[in-house]
Number of protein chains: 2
Amino acid sequence: MDSSTEEKIYDAARRIFILKGMEGARMQEIADEAGMNKALLHYYFRSKENLFKAVFKDIFAKFFSRVKGTLNSDITAKEKLMVFIDNYIDLIAANPYVPQFIINEINRDPKVLKSMMLESGAEPQMILSMFLNEIQSNNASKIDPRHIVVSLLGMLIFPFAGRPLLQMIYFNDDAQAYNQFLMERKIIVKNMILKFIEG
Amino acid sequence: MDSSTEEKIYDAARRIFILKGMEGARMQEIADEAGMNKALLHYYFRSKENLFKAVFKDIFAKFFSRVKGTLNSDITAKEKLMVFIDNYIDLIAANPYVPQFIINEINRDPKVLKSMMLESGAEPQMILSMFLNEIQSNNASKIDPRHIVVSLLGMLIFPFAGRPLLQMIYFNDDAQAYNQFLMERKIIVKNMILKFIEG
DNA sequence: GAATAGATTAACTAAATGGTTAAAAAAAAT
DNA sequence: ATTTTTTTTAACCATTTAGTTAATCTATTC
């Protein structure tokens, strides 16, 4: 790999921070992961806090604005929601530690979240609930879309965050079987949400 | 409070560990919280690891075997499930940081989980899925009960774990409104699960 | 090709942290 | 009352950790 030193540091920090969190990560470990002297991390990023913020901002933005991508197509709102569920499970499967990492760091220091919301403009978060509102528009018994969003995200994220627990209890610690289970969830979650929205 | 020194340490450790996790917690902080000298923690519990295990074991057992309580009554399986949902939301509301704490610690060191499962006997975890199996028994299109368990737990836990995020985005940081939202979820989650089980 | 600026390293510092110890204080036993 | 045991404390120790520094190495400029 011929990426620049700064990129190497950034990538190494990303891996370590996601795995161990801001407090659990060690600057020396990041330096080792990047294959260089620890002083270089400070040379390029000045402090651990700085390095962490740079990494966290990107990770958060990527995971949070994922909805946008599915928006720009000619399918119906309901179909868009189905595509979103498929894509989001794939996204988490490719980054299984990220959602828990985000939740932990926001709980640890909610101030970071505030500044990020302001920077990115406060709208993108509302997209999903607007979606659901549109789908429900012809329905008589409208449910607060926030309940649906929270239920949906819970159903998507929990099987990844609780994996060690669930895999041991319900799958006899068979990782292969659990992976299959995770992919099955695409259909399950879509069914559940549809049934609930359409009454 | 006239509880013994050992109890004071235990209670203080419980509070701090839940809030900061095993690695984030400081022995000095626990000593301060308990109002005594740090050396006493070692006098009574020998090491941080020991103290943590004592605390974690109890917390885990309490949260995990909560199902048993709702079992011993004369209502139908479906009704029992509804009672479970109500009780579990109340339990988490009274201990909002606990589920995330458990998930984090199990991810950090899955070995602890294994030893605990063996100690407590491996059955209690299966109860909930047996429940669901019974409810579905008269239904044509049976769904793997594990999918329902995971969906249910995700819907119950996520609104608490993701609170800072969700409250800010969807509730304009109004804690009061979010508390109401959490209690509304009792009805919402029950409805969702019922609709899904009954087809 | 010497001078200059930027990149990299090894060695160091100061603060924090889990754990220890020896002595003092309190309680129990004689 | 005095000894003995248990509980509690202040001071200390060894290790870890984020961050610094001065020196070296490397590339660029003149």
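Order of the sequence lines sets the chain letters (A, B, ...), proteins ahead of strands, with each chain counted from 1.
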Taking a hydrophobic cluster as the set of Ile, Leu, Val, Met, Phe, Trp and Tyr residues connected by side-chain heavy atoms closer than 4.5 Å, whether directly or through intermediates, do A:L194 and A:M155 fall within one such cluster? yes

What is the distance, to the nearest angstrom, from the CD1 atom on A:I9 to the C1' atom on C:dT8? 11 Å

Which salt bridge (charged side-chain N to carboxylate O under 4.0 Å, His left out) pairs, counting each pair once, include a residue from residues 49-60 of chain B, with sequence neighbours left out? B:E49-B:K53, B:K57-B:E119

Are any of the side-chain nitrogens in B:K78 or B:E198 under 4.0 Å away from the carboxylate oxygens of its partner? yes

Sorted by chain and number, sequence neighbours left out, ring-ring contact (aromatic ring centres under 6.0 Å, His included) with B:Y178 holds for B:F171, B:F181

In whole angstroms, the gap separating C1' of D:dT16 from NZ of A:K48 amounts to 12 Å

Interface with DNA chain C, restricted to residues 49-57 of chain A and to heavy atoms under 4.0 Å: none

For the side-chain contact (heavy atoms from CB on, under 4.5 Å) test, which of A:I193, A:I148, A:I143 pairs with B:M192? A:I193

Holding to side chain to side chain contact (heavy atoms under 4.5 Å, CB included), I want the full list of residues that pass it with B:Q100, two or more places apart in sequence or in another chain. A:I103, A:N104, A:N107, B:N104, B:A161

With five pairs defining each end axis, the helix from C:dG1-D:dC30 to C:dT30-D:dA1 comes out bent, to 10°, by 10°

Step by step, would you call B:L152 with B:H147 a side chain to side chain contact (heavy atoms under 4.5 Å, CB included)? CA-CA 8 Å; B:L152 175 57; B:H147 275 297; over 6 Å; no

By side chain to side chain contact (heavy atoms under 4.5 Å, CB included), B:E105 pairs with (sequence neighbours left out) B:M22, B:F52, B:F56, B:F101, B:R108

Partners of B:D90 by side chain to side chain contact (heavy atoms under 4.5 Å, CB included), sequence neighbours excluded? B:M183, B:K186

Does B:I75 sit in a hydrophobic cluster with other residues, and if so which ones, taking ILVMFWY side chains as linked at heavy-atom separations under 4.5 Å, directly or through other members? B:V83

Can B:D32 and B:K38 be counted as an ion pair, charged N to O under 4.0 angstrom? no

Protein-nucleic acid N or O pairs under 3.5 Å, nucleotides 10-13 of chain D:
unit_1: D:dA10; atom_1: N7; unit_2: B:N37; atom_2: ND2; d: 3.1

Give the rounded distance in Å between these two atoms: NZ of B:K8 and C1' of D:dT7. 12 Å

Who passes salt bridge (Lys or Arg N to Asp or Glu O under 4.0 Å) against A:D144, sequence neighbours left out? A:R146

Anything under 3.5 Å between a protein N or O and an N or O of nucleotides 4-7 of chain C, put it in a table, one pair a line.
unit_1: C:dA7; atom_1: OP2; unit_2: A:Y43; atom_2: OH; d: 2.8

Where along residues 15-36 of chain A does a heavy atom fall under 4.0 Å from DNA chain D? A:A25, A:R26, A:M27

Can B:R185 and B:I89 be said to form a side chain to side chain contact (heavy atoms under 4.5 Å, CB included), step by step? CA-CA 8 Å; B:R185 286 197 69 72; B:I89 287 182; 4.2 Å; yes

Please assess B:I106 against B:F60 for the test side chain to side chain contact (heavy atoms under 4.5 Å, CB included), listing each intermediate value before the final yes or no. CA-CA 10 Å; B:I106 285 174; B:F60 183 83; 3.8 Å; yes

Between A:K20 and B:E23 (salt bridge meaning N to carboxylate O under 4.0 Å), is one present in this structure? no

